[in-house]
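Working notes, structure below.
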Amino acid sequence: MIITIDGPAGSGKSTVAQTLAKRLGYRYIDTGAFYRAFTLKAMRVGVNMKDEALLKQLLQETKIELRNSEGGTRVFLDGKDVSEAIRTPEVTGNIHYIASRPALRERLVEQQRMASEGVSAVAEGRDTGTVVFPGAERKFYLDAGVEERARRRYLELLETTKGITYQDVLEELKKRDERDTSREASPLKMGDDFIYFDTTDLTSEEVVEALLKKI
Ligand code: C5P
């Protein structure tokens, strides 16, 4: 059984997907973590983000894994835990170089599918219901007003990022929404078989309950 949850940043996908996976005893697959981890690798190696041939080659020798631990799912890049390092604004700002390239997406999607082999899973991202798991049994789309999404992101980032302002977060989110919905390669969009939820006025617990009912 595969359940997919797509939607823009700050729509509550991650919290809801993780809680749902826990409640159902399914594996949690954070597809954004794959884009984040590879972006981090390219930044660390110092590859020109516009050099697709080199990025492709680098991806061939990159291993990204999600490992479950007591405190939640951890992200490993070439065997090292990068769960925190992949969430910085610098990484977020460079992801579009990776996420916009079909050849790179294809390889990352393969790894995401491998992560769910032989198990039931809850996957979340931008294209999990449309591209990664088109045959998923239940597909959800979570959305929320952009100001509310920025507020949620801001509260999260306050804990880790010095000097961050609400306005910065709002601008970054708008830019990312625009890039994620308008890119040619697997844009964020809702398929006909998706169930839509606006989470603006709901707590994550309420969203989880609503999704469980549909499941
Ligand atoms: O979900 P998260 O905010 O971690 O995703 C980071 C970025 O990775 C997104 O803004 C998007 O550009 C890209 N992404 C994607 N496809 C996915 C998941 C994430 O293109 N399935």
Side-chain angles (χ1 to χ4, degrees), residues 2-18 20-21 28-43 49 55 59 64 66 72-75 77 82-116 121-134 136 139-144 146 149-150 152-157 160-161 164 168-191 194 199 204:
I2 302 281
I3 295 164
T4 61
I5 307 182
D6 290 301
S11 57
K13 286 180 312 245
S14 302
T15 314
V16 167
Q18 282 176 71
L20 204 58
Y28 164 61
I29 301 174
D30 171 3
T31 60
F34 288 78
Y35 294 90
R36 289 180 176 279
F38 185 59
T39 302
L40 177 69
K41 170 129 176 194
M43 286 165 69
M49 289 289 189
L55 286 168
L59 187 51
I64 302 165
L66 302 178
T73 303
R74 309 290 297 174
V75 185
L77 171 64
V82 292
S83 309
E84 277 81 32
I86 59 170
R87 313 259 163 221
T88 64
E90 290 73 26
V91 170
T92 306
N94 279 323
I95 293 177
H96 67 101
Y97 291 111
I98 308 300
S100 61
R101 296 204 157 85
L104 301 178
R105 295 193 70 91
E106 212 173 287
R107 175 93 186 101
L108 290 167
V109 165
E110 261 173 42
Q111 298 198 18
Q112 292 157 20
R113 288 186 185 135
M114 262 160 19
S116 75
V122 179
E124 58 109 338
R126 304 295 184 289
D127 62 346
T128 60
T130 51
V131 177
V132 190
F133 300 109
K139 302 178 181 181
F140 296 101
Y141 190 97
L142 299 191
D143 204 357
V146 69
R149 292 192 284 115
R152 293 173 185 171
R153 267 319 245 241
Y154 173 62
L155 291 177
E156 261 171 42
L157 285 169
T160 52
T161 315
I164 193 95
D168 287 346
V169 176
L170 181 65
E171 292 309 318
E172 186 273 325
L173 215 77
K174 284 184 180 164
K175 202 180 329 164
R176 204 139 61 97
D177 281 357
E178 166 63 23
R179 282 177 174 153
D180 283 343
T181 51
S182 66
R183 70 164 174 247
E184 262 175 52
S186 312
L188 166 65
K189 66 167 186 232
M190 204 177 84
F194 281 43
T199 72
S204 55

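Quick note: numbers below take in every heavy atom, side chains included, and nothing from hydrogens, waters or symmetry partners. All ligand and atom numbering here is 1-based and tracks the order in the structure.
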Close-contact set for ligand 1 against [X] heavy atoms, below 4.0 Å:
X      : answer
Ala99  : 12 (O), 20 (O)
Gly125 : 18 (C), 21 (N)
Asp127 : 16 (N), 17 (C), 21 (N)

With no hydrogens and no angle check, do the side chains of [X] and [Y] hold a donor and an acceptor under 3.5 Å apart?
X      : Y      : value
Ser11  : Arg152 : no
Ser14  : Glu124 : yes
Arg176 : Thr181 : no

Is there any N or O on [X] that sits under 3.5 Å from an N or O of ligand 1?
X      : answer
Arg36  : yes
Asp180 : yes
Glu124 : no

To the nearest 0.1 Å, how far is [atom] from its closest protein heavy atom, and which atom is that?
atom                    : result
atom 8 (O) of ligand 1  : Ile95 CG2, 3.5 Å
atom 19 (C) of ligand 1 : Gly32 CA, 3.5 Å
atom 1 (O) of ligand 1  : Arg126 NH1, 3.0 Å
atom 16 (N) of ligand 1 : Arg105 NH2, 3.0 Å

Would Ser116 and Ile2 satisfy side-chain contact (heavy atoms from CB on, under 4.5 Å), going step by step from the backbone distance to the final call? CA-CA 8 Å; Ser116 75; Ile2 302 281; 4.2 Å; yes
Salt bridge (charged side-chain N to carboxylate O under 4.0 Å, His left out) partners of Asp143, counting only residues at least two apart: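 For Asp143, no residue satisfies salt bridge (charged side-chain N to carboxylate O under 4.0 Å, His left out) once neighbours in sequence are set aside.
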Is the closest heavy atom of Arg183 to ligand 1 under 4.0 Å?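 Contact present.
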Heavy-atom contact under 4.0 Å between Thr128 and ligand 1?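 Outside the 4.0 Å threshold, so no.
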Heavy-atom nearest option to atom 3 (O) of ligand 1, drawn from His96, Arg176, Lys13, Arg179: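 Residue with the shortest heavy-atom distance to the ligand atom: Arg176.
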Are the side chain of Arg153 and the backbone N or O of Val169 linked by a donor-acceptor pair below 3.5 Å?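 No, because the side chain of Arg153 does not come within donor-acceptor range (under 3.5 Å) of the backbone of Val169.
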Measure the spacing between [atom1] of [X] and [atom2] of [Y] and express it to the nearest 0.5 Å.
X      : Y      : atom1 : atom2 : value
Thr128 : Asp30  : OG1   : CG    : 10.5 Å
Phe133 : Arg113 : CZ    : CZ    : 7.5 Å
Lys139 : Thr4   : NZ    : OG1   : 6.0 Å

